Each structure stands twice: as C-alpha cells, then as structure tokens.
Amino acid sequence: MRAIFLGPPGSGKGTQAKLLAERMGVPAISTGDMLREAVRLETPLGLRAKAIMEAGELVPDDVVIGLIRERISRPDARGGFLLDGFPRTLPQVAALDRLLAGNGESLDAVINLLVPEATLVERMVGRAAIEGRSDDRPETVRERLRVYSEKTAPLIDHYGGRGIRIDVDGSGSIEEVSARIDRAAAMRAGGRS
Ligand code: AMP
C-alpha cells in the first residue's frame, strides 16, 4: 500500500499515519519529523529550515522532494509506505508521481482527513502545551492554516479527480478516527467505494 495522508495542520495526520502504518507493517514517513530532526541536529538543512518552519511557511519544494526521494528508496519502503505531510504543493505531487513511475509504481490511496477549523486550532494549541512545538504558537498556527488553504488545499480536488481520494471524518477521538480509516480502507480494498 502506497498512500498519503492529506489534511490541514492539526487534523491528526501524523498520529493516524503512524497507527495505520503499524497495522499495515509499512513505514510512516513524515517530512515534518525529518525536518524537525535536522533542526535538532543543526545540520546544514536544519539550519536552513528552522526559521521557515518557525514562521509557519513551507520549506522549498526541491528540499523536501530530495528528502522523500532518498527516504522512499530505502529497503524498508519497498513494499509500501504512508506519507504524512508530503506532498503539500502541486509541484510536490508531480515530483512524487515521477519518483513512483520511475519504479513502475503509483499511489493507491489518498486519505483526506476532514476537521472543522475550530477543532484544528484547539488541537494545535493543546499540542503546543504538551509537546512544546515552536510552530504551534497562535500566530504561527494561523499562518500555517493560511498556507494550507493556499498551497495544499488544491491537492484535495486534484486527487479527487484521479479517483483515489478517500474522505474521512477526522473529528472525535484518536480511536474513533482510526476505526473510520480502517473501515474506509477495507471498503477500498473490497472495491466497494
Ligand atoms: P508538519 O509536521 O507536517 O506539520 O510540518 C512542519 C513544518 O515543516 C511545516 O510547517 C513546514 O514548514 C515544513 N514541512 C513539512 N513538510 C513539508 C513539505 N512537504 N513541504 C514544505 N514544507 C514542509
């Protein structure tokens, strides 16, 4: 299974991608986690990405495309993977398609998490308190939501047009959302959606 989790910041993509990846025995790949690790280690990439991430803006496409190219070519991703936070722009969509096509592969599904904006803000503010993520400050949260609407939301229609998008209600508890994802994935596997 090669799938993407799509949804605004705070929609639970990361949590749900990790849970589904565990159940399916494939890696969950998060460009946000990879970038945060680079920032923590103060690598040249991390030093470049830090200010961009703290401002709630997107790291340049070529940078994240390079990270994904390297990551999905590793042996543990041969049998499939779940992407969380990539692609986020239409050029990233095209790059991913090219990377997969180069190996004779394509995407199986795009799981689109739907969550009302008020819930997103609440979750991110809560996460800032628990995890201390520096981009979960209120001003940055607003900017990340704006960047999402401008750059990432167009991907919803794009993948809908390709017939691989599965919309899942992302409100409620982690367990409720995870059960909905399982049902949607089972329906898709059974060819009934
Ligand atoms: P996330 O953990 O997915 O919310 O990502 C945290 C931050 O990392 C984002 O706000 C961006 O600054 C950066 N980032 C993560 N993934 C991407 C991507 N695919 N394209 C550009 N920037 C990204």
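All ligand and atom numbering here is 1-based and tracks the order in the structure. All values reported here derive from a predicted model rather than from experimental measurement.
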query = Would Arg88 and Asp61 pass as an ion pair if we require N to O under 4.0 Å?
reply =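 Judged by the 4.0 Å cut-off on N to carboxylate O distance, Arg88 and Asp61 do not form a salt bridge.
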ask   = Can Asp167 and Arg165 be counted as an ion pair, charged N to O under 4.0 angstrom?
value =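 So Asp167 pairs with Arg165 through a salt bridge.
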Neighbour count >12 (heavy atoms, 6.0 Å) for atom CD, Glu42 =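 Check fails, neighbour count at 12 or below.
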List the residues meeting side-chain hydrogen bond (donor to acceptor under 3.5 Å, both in side chains) with [X], not counting sequence neighbours, and say none if there are none.
{"X": "Arg146", "value": "Glu143, Glu150"}
{"X": "Glu117", "value": "none"}
{"X": "Arg74", "value": "Glu70"}

message = Heavy-atom contacts with ligand 1 below 4.0 Å: which residues, ordered by chain and residue number?
response = Thr31, Gly32, Leu35, Arg36, Met53, Glu57, Leu58, Val59, Val64, Gly85, Phe86, Arg88, Gln92, Arg133, Asp135, Arg144
